[in-house]
2 protein chains.
Amino acid sequence: MTQMRVLNNYISVDCVIFGFDFDKLNVLVVERTLTNDDGVVDFSDLTLTGNHIFEEETIVEAADRILFDLTGLADIYLEQFKTFASPDRLKKENDRKWLLHDGRDPDKRIVSIGFFALLATQKVTLEWKGRNIKWLPVDEVKSLAFDHNLILEEALKALRSKLLHEPIGFELLPDKFTLSQLQKVYEIILDTTFDKRNFRKKVARMKYLIPLNEKQQGVAHKPAQLYLFSREVYEKTRKEILNFLV
Amino acid sequence: MTQMRVLNNYISVDCVIFGFDFDKLNVLVVERTLTNDDGVVDFSDLTLTGNHIFEEETIVEAADRILFDLTGLADIYLEQFKTFASPDRLKKENDRKWLLHDGRDPDKRIVSIGFFALLATQKVTLEWKGRNIKWLPVDEVKSLAFDHNLILEEALKALRSKLLHEPIGFELLPDKFTLSQLQKVYEIILDTTFDKRNFRKKVARMKYLIPLNEKQQGVAHKPAQLYLFSREVYEKTRKEILNFLV
DNA sequence: TTATAAAGTGTAATAAAGACACTAAGGTTT
DNA sequence: AAACCTTAGTGTCTTTATTACACTTTATAA
């Protein structure tokens, strides 16, 4: 990239990066610490991962860049879900201080385009570039900076809806995964439980979940068969689902 | 509204206003004509309905305002579906001319937040305020200004997906509608056909479609029973649908 | 060797989907 | 007034999907 001028001060991209660890859903957060001129910490809290957009950069490129900067990963599932533009979205006291410190006018409205990303937590090495980031279980998230609680909530809604209607569950798992792991993804995100046999009957009809000649290793119980998602098979066999809702 | 300053030059709202006329899906378009200083028409084409955002105005308020300005209607179904921000989205020759004529820098990127609206075409009196607008059947839309063909396409995708998963079909009909009209909404938008009896079996399970003690009038055939959508019943009886896809 | 932990499997009952054709009730035409 | 046209409205059977439910298998750990 030759020129790196920021697009303008009014538009940014926020990424809600979801990570699943076989047990719960986490979100990647960044520590925001404002230090006064005399070196004293004014406040410290947590934000979602957001950034400006460069001139000549598309918003998807910007979101990919944020993702790569934080995790070192490319080709992560990423989806634009909503844009946030309320006039008072960055008007809390700490947010105004932060923007001012950052050389931005806290009275100007900033529009943020929200993306969510899906990955398996263990793919990320958190020490990447020494950024102060961490995984936070979604149901332990307290007060976030800016309007990021709202953004997270909307991201969760979008994720749940997408999970119900399109095959994206495995995006939260390693490339090779077991059916129990997949079931857990659905159970945690939709906050429910499924009967194991019925779940597997359903999965058996998803021809794009390909069983491998390979099993789990090193587990203290009967090792499970590993599966793979085939986008090719999915594209070929997907029927436009006309069983609309009741 | 006391002050009407425009938020900034970089952000706008585009509304894809869908109207159904019992027969086909239409979209509201505005004629864009650029007249030179010597009164000669340079070009004339069609755009979707978009506008700037005022300071202190939320984007939903801006979208509502656009809708009201064009149709004279309030309380119309409206949904944010996607934001468009490609660096070259307004870079076609005519678009550059138009922006220049409008006093805007054609080299600046403008981010547009896309909404779609649903209504029954006959609700709109097109002569409202003498604006040069018209209904265009969606499948007769040719080349539109800016990136509006893309925006329309994405709006259609969002509409189809929403229609499959949430009860919004009646938003395209008068308050009181017949089951055949509702069936037609699904058939036209999803580009398919349904068996009448099976469709009605399905509808019978949707308790939020309330049959009225009222029939169609003045039709040259057996008059149909009229139905009403009850949001109240819907909210009460909706089950979170866990029958996820195959 | 025994304990533990999760994997993997079948059947019967109920509900929904899908295929399919005729009668009813208005207005219009002759 | 009769015939006609158009859309409304209805039932059954077959196939497929959902739901409820419990035991055996296979690996590691103790």
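A, B, ... follow the sequence lines: proteins, then strands. Residue 1 opens every chain. What you see below is based on every heavy atom in this structure, not just the backbone, and it leaves out hydrogens, waters and symmetry mates.
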A:Arg197 side chain, from C-beta outward: closest of D:dA20, D:dA22, C:dA7: D:dA22
Whole-Å distance separating the CD atom of A:Gln183 from the C1' atom of C:dA7: 12 Å
Residue-phosphate contact under 4.0 Å: B:Ser180 side-chain N/O, D:dA8 OP1/OP2: yes
Pair B:Phe115 and B:Phe81, ring centroids less than 6.0 Å apart: no
Separation of atom CD in B:Glu214 from atom C1' in D:dA8, rounded to whole Å: 17 Å
Atom-to-atom span, CG of B:Leu179 to C1' of D:dA8 - whole angstrom: 10 Å
Among B:Leu156, B:Thr121, B:Leu118, side chain to side chain contact (heavy atoms under 4.5 Å, CB included) partner for B:Leu25: B:Leu156
Single hit among A:Leu78, A:Leu48, A:Leu28 for side chain to side chain contact (heavy atoms under 4.5 Å, CB included) with A:Ile17: A:Leu28
Nearest listed nucleotide, side chain of A:Arg205, among D:dT18, C:dT9, D:dA8: D:dT18
Euclidean distance, atom NZ of residue A:Lys196 to atom P of C:dG8 [Å, nearest integer]: 8 Å
Whole angstrom value for the distance that separates P of D:dG9 from CG of B:Leu182: 13 Å
Nearest-Å distance for atom pair NE2/C1', residues A:His221 and D:dA30: 17 Å
Nearest-nucleotide comparison on DNA chain C, the residue closer to the 5′ end among A:Asp195 and A:Gln216: A:Gln216
Sugar-phosphate only, base, or nothing, as touched by B:Lys201 at under 4.0 Å among non-hydrogen atoms: base
Presence of salt bridge, B:Glu232 and B:Lys236, under 4.0 angstrom: yes
Minimum-distance nucleotide to B:Lys222 side chain [options: D:dA8, C:dG8, C:dA5]: D:dA8
Euclidean distance, atom NZ of residue B:Lys215 to atom C1' of C:dA24 [Å, nearest integer]: 11 Å
Proximal nucleotide (of C:dA7, C:dA16, D:dA8) relative to the B:Thr178 side chain: D:dA8
Side-chain N,O (A:Lys202) to OP1/OP2 (D:dA17) below 4.0 Å: no
Closest contact, heavy atoms only, A:Tyr186 versus A:Gly169: OH-N, 4.5 Å
Which nucleotide in D:dA8, C:dG8, D:dT26 has an atom nearest any side-chain atom of A:Pro223: D:dT26
Proximity to the side chain of B:Asn198 - top-ranked nucleotide from C:dA7, C:dA25, C:dC20: C:dC20
Nucleotide C:dC20, atom C1' - distance to CZ of B:Arg200 in whole Å: 16 Å
Touch class at under 4.0 angstrom, heavy-atom based, for B:Gln225 against every strand present: sugar-phosphate
